[in-house]
Amino acid sequence: MGYSVPIIPNNPMRIASWNVNSLRVRLPQVLDWLAQNQPDLLAVQEIKLSDPEFPSAELNAAGYQCLFSGQKTYNGVAILAKIAGSDVVTDLPGLEDPQRRVLAATFGELRLVNFYVPNGSEVGSDKYAYKLDWLDKAAAFVAAEAARYPRLAVVGDFNIAPDDRDVHDPAAWREKILCSTPERQAFQRLLDIGLADSFRLFDQEEASFSWWDYRAAGFRRNAGLRIDLILASPDLAQRCIASTIDKTPRKWERPSDHAPAVADFHD
DNA sequence: ATGGTCGCGCAGCGA
């Protein structure tokens, strides 16, 4: 009596996002990572398989229900969840697009939007124009979601490094793809809706990245970018108690080029 | 400026 104890929130909810670069290749790693980290929700990108090929049985056996919007060879997104999701959305309003890059669903109080933002290839290219148009439609969608759902998380591979802290060599990347001003302005429009980049709610080590090029020994040199993000609405952000990048799986044999972003939230 | 490595799928594209 008379002394206080730290308040440890019980039942924190853990949300993670991981570009797995082929779920077929990475399924054993995803299963290991789920077992070790026990997220409530894992948003995955670049599953690179069609819906009939989705490995639901293995993931169900590991305690995860699966929502997915698959595509053969390219793209494809999924949400692996300990509880059932509802109100599933797989397309951006106003964008006719065969590329499977969007998956949103509701889990209890939480609305989760999983994005695989287009890479854009090169500034000024057709793919770059597609990326900016996609981001425009995505912002309108997120604004509508934010208006409907107070507890909103927008996660995924954004293919944008929000600012120079998120770039290993800002001079080399200046106005290059993933770092150009129009891309960063498009990202800022998501923040302007009221979302917070959960990673920046906390002190972080310098040179913290989530993606490293397979080429030129990017990971060994920590020549990376932070492009895998967990954004949170105000109601959710004030519940955020941690936001990190788990580099462990990037060190495994035959890794994805991305590491998972992970955030914890109290009730 | 180029190329370096993966994944898919079997040549070359996308990242």
Side-chain angles (χ1 to χ4, degrees), chain A residues 17-33 43-55 58-59 68-78 95 97-103 114-135 138 155-162 166-180 182-184 186-187 209-229 245-261:
Chain A
S17 176
W18 192 6
N19 180 323
V20 296
N21 186 17
S22 168
L23 185 56
R24 187 180 287 105
V25 170
R26 234 63 70 189
L27 181 61
Q29 296 187 18
V30 170
L31 291 169
D32 284 354
W33 194 83
V44 299
Q45 304 87 34
E46 282 204 274
I47 64 175
K48 294 185 173 179
L49 42 77
S50 61
D51 288 351
E53 303 173 302
F54 195 90
E58 293 90 331
L59 289 159
F68 41 88
S69 183
Q71 182 183 336
K72 181 180 158 64
T73 310
Y74 300 115
N75 309 312
V77 286
L95 187 70
D97 191 359
Q99 300 187 31
R100 302 291 80 200
R101 299 179 174 278
V102 174
L103 187 59
N114 178 15
F115 279 158
Y116 175 44
V117 175
N119 174 281
S121 184
E122 220 178 312
V123 173
S125 66
D126 289 351
K127 290 190 174 70
Y128 184 72
Y130 163 71
K131 179 179 193 173
L132 294 181
D133 181 57
W134 193 98
L135 285 164
V155 313
D157 176 358
F158 284 75
N159 269 317
I160 300 170
D166 305 309
V167 181
H168 75 278
D169 185 346
W173 283 83
R174 186 174 169 278
E175 295 302 332
K176 296 289 199 302
I177 196 67
L178 315 185
C179 299
S180 73
E183 292 167 87
R184 286 178 169 174
F187 178 73
F209 307 124
S210 67
W211 169 82
W212 302 261
D213 202 315
Y214 285 126
R215 297 167 288 186
F219 186 66
R220 183 184 56 71
R221 298 184 294 116
N222 196 29
L225 304 177
R226 190 176 68 93
I227 56 178
D228 299 275
L229 312 175
I245 297 164
D246 182 6
K247 288 161 71 172
T248 309
R250 190 63 178 78
K251 302 169 185 170
W252 292 345
E253 290 286 331
R254 209 180 179 192
S256 168
D257 45 351
H258 295 252

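A quick note: this is a predicted structure, and the numbers were derived from the prediction, not measured.
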* Asked: How would you give the extent of chain A contacts on DNA chain B, as first and last nucleotide 5' to 3' within a 4.0 Å heavy-atom cut-off?
  ->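 Nucleotide range with atoms under 4.0 Å of chain A: B:dG4 to B:dA15.
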So, [X] versus [Y]: side-chain donor-acceptor pair below 3.5 Å or not?
X	Y	answer
A:Glu46	A:Asn19	yes
A:Arg101	A:Asn75	yes
A:Trp211	A:Asp157	no
A:Trp212	A:Asn222	yes
A:Asn21	A:Ser256	no

* To do: Measure from the ring center of A:Trp134 to the ring center of A:Tyr128 and say whether it is less than 6.0 Å.
  =>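 Not close enough - the centres of the two rings lie 6.0 Å or further apart.
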* Could you identify which residues of residues 221-228 of chain A place a heavy atom less than 4.0 Å from some atom of DNA chain B, listed by residue number, or say none? =>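 Within this stretch, nothing sits under 4.0 Å of the strand.
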Can you tell me how far [atom1] in [N] sits from the matching atom in [M], rounded to whole Å?
N	M	atom1	result
B:dC6	B:dC10	C1'	16 Å
B:dG14	B:dG9	C1'	13 Å
B:dG12	B:dG3	P	16 Å

* Asked: Should the pair A:Phe54 and A:Phe68 be assigned to parallel (<30°), tilted (30 to 60°) or perpendicular (>60°) ring geometry?
  ->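 Rings of A:Phe54 and A:Phe68: parallel, under 30°.
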* Mapping A:Thr73 and A:Gln99 to their closest nucleotides on DNA chain B, which lands nearer the 5' end? ->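 It is A:Thr73, whose closest nucleotide lies nearer the 5' terminus.
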* DNA chain B: A:Ala216 or A:Ile47, which has the more 5' nearest nucleotide? ->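 The answer here is A:Ala216.
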* **Derivation of the salt bridge (charged side-chain N to carboxylate O under 4.0 Å, His left out) call for A:Glu183 and A:Lys131** => CA-CA 8 Å; A:Glu183 292 167 87; A:Lys131 179 179 193 173; 2.5 Å; yes
